[in-house]
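Report on one structure; see the data block that follows.
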Amino acid sequence: MIRVDGRTLRCADVVAAAHTEGPLAIDVSIAAMRAAEHSWKLAEDLSTRRVVYGRTTGVGANKDDAVDEPAEHGLRLLRSHAGGSGDLLPDGQIRAMLLIRLNQLLAGRSGISPELIGALAEAVRSGALPVVHRLGAIGTGDLAPLAETALALAGEREWATGAVPPVPVHAGDALAFMSSNAATLAEATLAAMSLDTLTRASHAVAALTYVALDGNPEAYATPVHEARPHAGQVACAAEMRRLLGMHGTPKPGRRLQDPFGLRAFPQVQGPALDAIHYLRDVLAVEINASTENPMISTVHGDAYHHAHFHTAYVSTALDQARATVHQVAELSVARLGDLVEPEFTGLRPFLAVGPPGSSGVMILEYVAHDALTELRQAALPATLGTAVVSRGIEDHASFSTQAARAATAAATAYRQVLACELVAAVRALRIRKAELVDLPVRAAFTAAVEVLDKRFEDRPLTDDIAKAAGVLDKLARI
């Protein structure tokens, strides 16, 4: 049961909704619905006494044009803005979008009619999904995706799955419904939670590589990280100590100093942990925020015109998260290179077992670097550009929509990178018959061994990589 009250929705709730096919159990706050109704009545009243953007006027560069028939004007707005294009959004992202938009409306500052909010709630409950296209937003409101959604609720557009009885679009509903970045926030939240899972799993993967390479424990020692106590770095070093059972005086490693892939892991992983933590904090605010322009305040009895539709917080947080994750992925690829090197493992090149010239896991480096290149492209900042639209009135854009898409791509690529390292680390440990009995990281080794092929001979590793990618979610919880 997910509580929907405009204040307490969690990122984890959004992920749960995205992964729930069919009906979704939600508890819609009665108090929040009443507050939304009061906001609607106030908006109706204000529209008879003063100019209210999008209700008594056109939008964008048409802001000074008075409208004669507000209800018909609203339908025209939705029809004209429902011009989404490209591929359709994935079902999970649409489910997440609908939940986020419902929660935002229940914050009670939109001025939207209770009928439209109720129809949206029914769509969320029943699992009905509108047809929503991918293209049509630049980080200043998901205009096309939300216009398509509103027209489906009004009975003017088809549903991809299920349907709800159509409801009228009242005066002022149109712009208020579109004044949100719910589709962008849905993708950003799903990507952020995926990156969070992968960075947690990467501790276990790196710890397995550490054991396979006989790493030096000094790099994770408490005195080292007390000397420069960045939160993420300290947390990473502590997690490595936990997984590797580093209490008391751990045995010395094979080398005086390890390569950077192991030695600098806390210093590089730390910024990623901090960036993803910040991103989750930003998203927790956004999915519970009132972003409708104008804002209808029942407390102050007035409408306020503003720019909450602008999502610079989201886009910059996403850019930072992708950039820091890319650096962590570079270390994973570096550790993979160490795992295929006899100087570091004491094993044959490429962890080969078989006749001379056997290739072992040679292909893993190629796959990992291919995925790393995709991640590198996805890590490029989306916030360095801008857009001037609507005859120059709207002269800046955050491109959070594109930053969220890039975060999805980054998470997909990073999963492949970690999977390649995991396959190699587990293979090295199995060849060495490494002793992991007393180490907490043994649980990660056991989980991986249960799904990975036990054969050492040269063979395609496609299934191994896929299974390793699939087990990372489990490793994140160890």
Side-chain angles (χ1 to χ4, degrees), residues 10-15 18 92-93 96 100 137-139 181-203 205-206 230-236 239 264-289 310-333 371-385 397-419 469 472-473 475-476:
R10 304 172 303 161
C11 291
D13 296 329
V14 175
V15 174
Q93 187 178 335
I100 290 171
I138 56 174
N181 295 278
T184 295
L185 294 176
E187 180 159 19
T189 302
L190 297 176
M193 296 299 279
S194 180
L195 289 173
D196 181 71
T197 296
L198 292 172
T199 50
R200 284 187 284 116
S202 69
H203 293 113
V205 176
H230 290 295
Q233 173 187 314
V234 169
C236 174
E239 182 64 2
F265 183 52
Q267 290 81 0
V268 179
Q269 172 87 331
L273 298 179
D274 290 340
I276 293 170
H277 186 276
Y278 173 68
L279 173 60
R280 291 186 60 175
D281 285 348
V282 167
L283 293 170
V285 171
E286 293 287 340
I287 63 178
N288 289 288
H310 198 292
T311 47
Y313 271 105
V314 178
S315 58
T316 53
L318 284 165
D319 275 5
Q320 182 182 20
R322 297 195 316 278
T324 53
V325 166
H326 172 257
Q327 292 196 61
V328 179
E330 287 181 314
L331 287 193
S332 177
V333 173
L372 181 64
T373 301
E374 290 194 354
L375 204 168
R376 184 177 300 117
Q377 294 300 312
L380 294 174
T383 51
L384 294 185
S398 73
F399 292 111
S400 61
T401 308
Q402 291 67 35
R405 290 176 193 156
T408 299
T412 300
Y414 186 36
R415 185 176 290 274
Q416 293 299 306
V417 169
L418 282 177
L472 289 173
D473 291 352
L475 266 57

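These numbers come from the heavy atoms of this one structure, side chains and all, not from hydrogens, waters or symmetry mates.
Under the side chain to side chain contact (heavy atoms under 4.5 Å, CB included) criterion, H277 pairs with D281, sequence neighbours left out. By the side chain to side chain contact (heavy atoms under 4.5 Å, CB included) test, T316 pairs with T383, sequence neighbours left out. A search for salt bridge (Lys or Arg N to Asp or Glu O under 4.0 Å) contacts involving R376 returns nothing, not counting sequence neighbours.
Listed here is the closest heavy atom pair of S398 and G139: OG-O, 3.1 Å. Nearest heavy atom pair, residue E374 against residue A413, reads CB-CB, 4.3 Å. Across all non-hydrogen atoms, the minimal contact from A329 to L372 is CB-CD1, 3.7 Å. Residues C11 and A284 share a closest heavy-atom pair of SG-N, 4.2 Å. Of all the heavy atoms in A201 and L472, the pair that sits closest is CB-O, 3.3 Å. When every heavy atom of A317 is checked against every heavy atom of V282, the shortest pair comes out as CB-CG2, 4.3 Å.
Not one N or O on the side chain of S194 forms a donor-acceptor pair closer than 3.5 Å with the backbone of A191. With hydrogens and angles disregarded, no donor-acceptor distance shorter than 3.5 Å links the side chain of Q269 to the backbone of V328.
Looking at heavy atoms from C-beta onward, L273 lies in side-chain contact with H203 at the 4.5 angstrom threshold. V314 places none of its side-chain heavy atoms less than 4.5 Å from the side chain of N181. In this structure, the side chains of R280 and D196 come closer than 4.5 Å at one or more pairs of heavy atoms. For the pair V14/I287, a side-chain contact is recorded, criterion being any heavy-atom separation below 4.5 Å from C-beta on.
Once rounded to the nearest 0.5 Å, the distance linking CG of D274 with CG of L279 reads 12.5 Å. The distance from atom CD of Q93 to atom CG of L190, rounded to the nearest 0.5 Å, is 7.0 Å. I138 CD1 to S315 OG: the interatomic distance, rounded to the nearest 0.5 Å, is 12.0 Å. A distance of 8.5 Å separates CG in L418 from CZ in R415, rounded to the nearest 0.5 Å. Between the CD atom in E187 and the CD atom in Q402 there is a gap of 10.0 Å [rounded to 0.5 Å]. Note that CZ of R10 is 14.5 Å distant from CG of L283, once rounded to the nearest 0.5 Å.
At most 12 heavy atoms of other shown residues, nucleotides or ligands fall within 6.0 angstrom of atom OH in Y313.
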Practice problem: Go through the steps for I276 and T324 under the test side chain to side chain contact (heavy atoms under 4.5 Å, CB included), then give the verdict. | Solution: CA-CA 9 Å; I276 293 170; T324 53; 5.6 Å; no
